[in-house]
Amino acid sequence: MPSPLVRRLVPADAAALRQLRLDALVETPESFGSSYEEEHTLTLEDIRGWIAPADDGAMFGVFQDEALAGMVGVARQRKLKMRHKAHVWSMYVAPAQRGRGLAKLLMRAAIDHAGAMRGIRHVQLSVTSNNAAAAALYLSLGFAEYGREREALCVNGCFHDETLMALALSGK
């Protein structure tokens, strides 16, 4: 099997990203703040806006056999007083591709991108508290828990807590 390729997504990747995102929302709805119901009407132009944001954020994809197998986004906080923090969002690897280290490759790309953003001191994310595999990945990359939000998400009448995690970037 060829080595996976991680790269920043480009507008031509919009259709593949849209499908992967919708698949993620169906497969693990408790892992995302958005829902399939909210996003299935998004157009390719909307998705291109994620891929080519107006600010210094980015979307990365991991490709296996030229197919998009996973995604992650990273963006600077928008509020003036919080612009020293970046947020990781939409982290997902397709089920058939899990267990191959692709999530770690994606997270390293997101962290490296955040580290290259001027003035970023912290990278933050949230993870559904019962997602032990994701939490273990984030801990292995140096993230630390700084809080929990009880009942952060309500999916089909079930409440899910989220663990809030952050990674301090040195030398910023």
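Hydrogens, waters and symmetry mates play no part in the numbers below; they use all other heavy atoms, side chains included. Sequential numbering from 1 along the given sequence is applied to the chain's residues. Because the structure is a prediction, the values reported are computed rather than measured.
- Taking all atoms of both residues into account, the shortest heavy-atom contact from P2 to Q64 is O-NE2, 2.7 Å.
- Judged by distance alone, with hydrogens and angles left aside, the side-chain atoms of D65 form no donor-acceptor pair with the main-chain N or O of A67 at under 3.5 Å.
- Residues L17 and M107 are members of separate hydrophobic clusters, defined by side-chain heavy-atom contacts under 4.5 angstrom among Ile, Leu, Val, Met, Phe, Trp and Tyr.
- For the atom pair CG of D55 and CZ of R78, the computed distance is 6.5 Å after rounding to the nearest 0.5 Å.
- Using a 4.5 Å heavy-atom cutoff, the side chains of L25 and H40 are not in contact.
- Note: the hydrophobic cluster containing V72 does not contain F32 (ILVMFWY, side chain heavy atoms under 4.5 Å, direct or indirect links).
- The two atoms that bring L137 and S140 nearest to each other are O-OG, 2.6 Å, heavy atoms only.
- Taking the side chain as every heavy atom from C-beta outward, H122 and L169 never approach each other to under 4.5 Å.
- Looking at E30, its side chain never comes within 3.5 Å of a backbone N or O of F159 through a donor-acceptor pair.
- The minimum heavy-atom distance between V127 and A134, with the atom names listed, is CG2-CB, 3.7 Å.
- Under 4.0 Å is where a charged nitrogen must lie from a carboxylate oxygen, and between D56 and R76 at least one such pair does.
- Using a 4.5 Å cut-off on side-chain heavy atoms (C-beta onward), H84 and I120 make no contact.
- Each of E149, E162, R148, H87 was checked for a side-chain hydrogen bond (donor to acceptor under 3.5 Å, both in side chains) with S126, and the lone residue meeting it is E162.
- Taking CG from D161 and CZ from R150, the interatomic distance works out to 5.0 Å, rounded to the nearest 0.5 Å.
- Residues M59 and W89 meet the side-chain proximity criterion, which asks for heavy atoms closer than 4.5 Å.
- Follow the hydrophobic side-chain contacts under 4.5 Å out from M71 and you never reach V10; the two are in separate clusters.
- A donor-acceptor pair is defined here as one N or O able to donate and one able to accept, closer than 3.5 Å; such a pair exists between the side chain of R18 and the backbone of L42.
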Audit row: L139, M165, side chain to side chain contact (heavy atoms under 4.5 Å, CB included) steps and yes/no: CA-CA 9 Å; L139 287 168; M165 302 182 86; 3.6 Å; yes
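- The closest donor-acceptor contact from the side chain of R98 to the backbone of V93 lies under 3.5 Å.
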Side chain to side chain contact (heavy atoms under 4.5 Å, CB included) assessment of F63 paired with R7: CA-CA 8 Å; F63 293 80; R7 66 168 171 80; 3.3 Å; yes
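- Note on L105: it clusters hydrophobically with F143, by side-chain heavy-atom contacts below 4.5 Å among ILVMFWY residues.
- Proximity of Y92 to L20: side-chain heavy atoms (C-beta onward) are separated by under 4.5 Å at one or more points.
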Verdict with reasoning, M117 to H113, per side chain to side chain contact (heavy atoms under 4.5 Å, CB included): CA-CA 7 Å; M117 290 182 196; H113 186 81; 3.4 Å; yes
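- Using a 4.0 Å cut-off between charged side-chain N and carboxylate O, E27 and R21 make no salt bridge.
- A heavy-atom distance below 4.5 Å is found between the side chains of V123 and V88.
- Between V74 and F60 the shortest side-chain heavy-atom distance falls below 4.5 Å.
- No single ILVMFWY cluster, assembled from side-chain heavy atoms under 4.5 Å apart, contains both V62 and L9.
- A distance-only check finds a donor-acceptor pair linking the side chain of T43 to the backbone of D46 [under 3.5 Å].
- A salt bridge does not link R8 with D13: none of the charged nitrogens is closer than 4.0 Å to a carboxylate oxygen.
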Verdict with reasoning, H160 to V155, per side chain to side chain contact (heavy atoms under 4.5 Å, CB included): CA-CA 8 Å; H160 299 272; V155 181; 4.0 Å; yes
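- In this structure, the side chains of L106 and M91 come closer than 4.5 Å at one or more pairs of heavy atoms.
- Remark: side-chain polar atoms of T28 are not paired, donor with acceptor, to backbone N or O of S31 under 3.5 angstrom.
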Evaluation steps, side chain to side chain donor-acceptor pair (under 3.5 Å), between T163 and E145: CA-CA 7 Å; T163 301; E145 180 179 334; 4.7 Å; no
